Amino acid sequence: MCGIVAYIGERAACPILMNGLKRMEYRGYDSAGLALLEDGHIVFEKTAGKIKVLEEQLEGKTFTATAGIAHTRWATHGVPNEINAHPHLDCSGKIAVVHNGIIENFSTLRVLLERKGHAFETDTDTEVIAHLIEEYYDGNLTRAVQLAMSQVKGTYGIAVLSLEQPDIIVAARHGAPLIVGLGEGENLIASDVSAMLEHTKRVVYLGEGEVATVSREGIQISTIDNLPVSPKYQDIEWDLEQLEKGGFAHFMLKEIYEQPATIRNAIRGRLNYDAGTARLNGLKLQAEELLHVKRIIISACGTSWHAALIGEYMIEDLARIPVEVEYASEFRYRSPIVDQGTLVFVISQSGETADTLAALREAKQKGATVLGICNVVGSSIARESDGGIYTHAGPEIGVASTKAFTSQITVLALFTLLLARQRNMSLEKGRQIIDAMDRIPDLVERQLQKDDVIKRIAELFYDKNNFLYLGRGINFPVALEGALKLKEISYIHAEGYPAAEMKHGPIALIDENMPVVVLAQQDQVYDKVISNIQEIKARNGQVIALATEGDTDIARLANHVIYLPKVPYHLMPIVSIIPLQLLAYHIAVLRGCDVDQPRNLAKSVTVE
Ligand code: AGP
């Protein structure tokens with residue numbers, strides 16, 4: 001969603017800020033702006049629309065400022081126009097603020113501030129922050145920020161610039177991520193490491209309720225109550241090349257093609273062949289504690305929720321522990337039963353999804369041990385979990401999640417192996433799973449080589465308005481994920497269904513204009529799926545089947561077949577999602593859609 005980048009140093013701030021904004025474009029936004037401390041006054045540039053428009057506005061202008069703040073806004077309060085774009089100012093025009101998050105009590109604060117004579121110019125919740133800071137400012141910006149933010153209810157990550165104290169930028173966070181990047185004679189603040197990776201890899205992740213006073217020379221951190229905090233320095237593992245398209249037309253395509261490598265990364269160092277099990281030290285749980293687990297709840301949103309469903313099939317089948325999968329947005333508000341022996345998992349690529357973070361907090365408050373499966377190291381969910389498993393997929397820039405999904409399934413398979421081996425699974429079976437997992441990256445590679453077949457199918461169907469995706473068993477969540485991929489980037493209405501459920505409603509939709517993607521690999525329900533295909537064909541539906549290599553019979557039934565290698569049942573989704581990602585990608589490209597930044601979507605949903 002919104003993005004913040006701020007710079008204070010010796011170099012010209014404007015290009016650094018603009019570059020930082022571009023690096024965060026993938027997060028989703030609808031307007032952008034910046035403020036610079038230029039020759040004793042604050043200069044603003046703001047626009048509705050894309051950063052390109054802001055860039056055009058800046059053409060021919062030269063700024064010497066060496067300090068500034070910038071923002072991409074995803075509208076919540078007030079339409080996405082130039083006035084509502086950040087930064088926002090106080091009455092004196094001396095204090096500028098950029099903000100991520102939502103101020104829930106902004107209307108009350110606004111009335112109070114207006115009574116005191118503050119004049120508001122925008123419809124945003126953010127503007128109250130600028131006026132509140134002005135209200136408290138008596139020569140100490142850090143203190144004014146602390147006092148202002150203690151009045152605020154909601155979530156925020158902010159960066160504040162003041163004409164009166166031009167040698168500092170003050171940042172504060174509560175519920176929205178903020179990172180301080182440390183350079184030589186310069187420092188940066190950003191909501192996303194991608195905005196600062198070109199300048200430094202040394203960072204401090206601001207904690208909840210912390211305030212950072214950032215100068216050219218260094219940083220000081222305090223709590224909102226003005227207690228000192230010692231900064232914890234960390235190094236970012238990601239490289240700059242990972243933020244580039246590397247010759248691919250889109251980040252999404254690059255990330256689809258990265259999967260053999262990212263799956264390998266998720267497995268690396270975590271398989272113990274001798275013991276036929278997985279090594280997951282990040283869980284921070286003793287074998288004894290894992291043995292006491294009687295029930296597992298997995299909570300997540302979107303694609304991560306689909307991965308959770310696959311985890312449910314794996315864990316229940318192989319480790320025989322009951323699993324419940326909950327949308328985080330539901331879990332957080334329904335007073336879930338979390339008793340002794342319940343282990344809670346949250347899954348999030350970004351580690352910043354507001355609902356998933358709230359679900360984690362709800363479960364912790366109920367006394368559960370909460371583990372996280374995250375991709376972004378140092379993210380809020382990673383930090384607040386009791387332990388967990390990093391997916392190590394590298395930065396995922398395309399809004400449509402691809403490589404994060406296969407990595408999440410991979411680590412869920414590792415976790416399942418660990419649990420199952422502790423319980424009922426034989427050493428031999430454990431070793432078979434390890435062998436199969438070792439082969440998966442190569443099989444994914446082979447699948448990617450069939451891109452041409454998938455592109456040809458996309459050319460036949462890209463102008464359709466509806467798609468149905470059907471799967472059974474562990475392939476049902478894959479059908480859900482295939483449908484989600486298509487709808488989010490191509491804007492085609494698509495539904496995922498358990499294949500047998502089709503008869504209970506969706507079959508009414510089937511005619512010659514309805515493409516139906518059917519996951520029909522040879523597993524224990526293969527014959528049932530074939531019957532479902534017959535039902536579709538009897539109604540003139542167009543079937544695109546995903547079938548096991550060597551299954552020539554299916555070609556007589558389905559209109560199109562995409563072949564997949566034979567993979568053990570529980571690992572099938574890692575391979576069967578690949579053609580569905582590619583199908584969605586090609587269809588979206590053929591429809592001329594903005595694949596990496598689909599309309600209305602944000603990469604990480606940091607508001608409810
Ligand atoms: C995936 O393609 C989506 N963009 C979205 O559903 C996403 O998976 C969801 O918002 C959860 O994000 P997270 O994994 O970062 O928590």
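We count ligands from 1, going down the list as the structure has it; atoms in each ligand are counted the same way. These figures come from a predicted structure and were not determined experimentally.
Any N or O atom pair closer than 3.5 Å counts here, and Lys603 shares no such pair with ligand 1. Looking at Gln408 next to ligand 1, no N or O pair under 3.5 Å apart turns up.
For ligand 1 and Thr303, the ligand atoms under 4.0 Å from any heavy atom of the residue are 1 (C), 2 (O), 6 (O), 8 (O). The ligand atoms of ligand 1 that sit less than 4.0 angstrom from a heavy atom of Ser348 are 13 (P), 14 (O), 15 (O), 16 (O). Proximity to Ser304 (heavy-atom distance under 4.0 Å) selects the following atoms of ligand 1: 8 (O), 13 (P), 14 (O). The distance from ligand 1 to the heavy atoms of Ser401 drops below 4.0 Å at these ligand atoms: 1 (C), 2 (O). Applying the 4.0 Å criterion to heavy atoms of Ala400 picks out, from ligand 1, the atoms 2 (O).
Of the charged side-chain nitrogens involved, at least one lies within less than 4.0 Å of a carboxylate oxygen, so that Glu198 and Arg23 count as a salt-bridged pair. A salt bridge links Glu208 with Arg361: the closest approach of a Lys/Arg side-chain nitrogen to an acidic carboxylate oxygen falls below 4.0 angstrom.
Of the protein's heavy atoms, Ser350 OG, 2.7 Å lies nearest to atom 15 (O) of ligand 1. Among protein heavy atoms, atom 2 (O) of ligand 1 sits closest to Glu488 OE2, 2.4 Å. Ranking the protein heavy atoms by distance from atom 10 (O) of ligand 1 puts Val605 CG2, 4.1 Å first. Nearest non-hydrogen protein atom to atom 11 (C) of ligand 1 is Cys301 O, 3.3 Å. Here the protein heavy atom with the shortest distance to atom 13 (P) of ligand 1 is Thr353 OG1, 3.2 Å. In terms of protein heavy atoms, atom 6 (O) of ligand 1 is closest to Gly302 CA, 3.2 Å.
Thr391 and Asn375 form a side-chain donor-acceptor contact under 3.5 Å, judged by distance and modelled atom types alone. Using a 3.5 Å distance cut-off with no hydrogens or angles, the side chains of Ser401 and Lys603 do not pair a donor with an acceptor. Gln542 and Lys464 are not linked by any side-chain donor-acceptor pair at a separation below 3.5 angstrom, with hydrogens and angles left out of the test. Judged by distance alone, the side chains of Arg295 and Thr342 do bring a donor and an acceptor atom under 3.5 Å apart.
In this structure, Phe251 has its ring center no closer than 6.0 Å to that of Tyr26. Between His71 and Tyr29, the distance separating the two ring centers is not shorter than 6.0 angstrom.
In Lys485, the part holding a heavy atom less than 4.0 Å from any atom of ligand 1 is the side chain. Under 4.0 angstrom from ligand 1, there are no non-hydrogen atoms of Glu352.
A heavy-atom separation below 4.0 Å is found between Val399 and ligand 1.
Here the side chains of Ile103 and Thr126 are not in contact, with every heavy-atom distance at 4.5 Å or above. At a threshold of 4.5 Å between non-hydrogen side-chain atoms, the residues Ile397 and Met252 do not count as touching.
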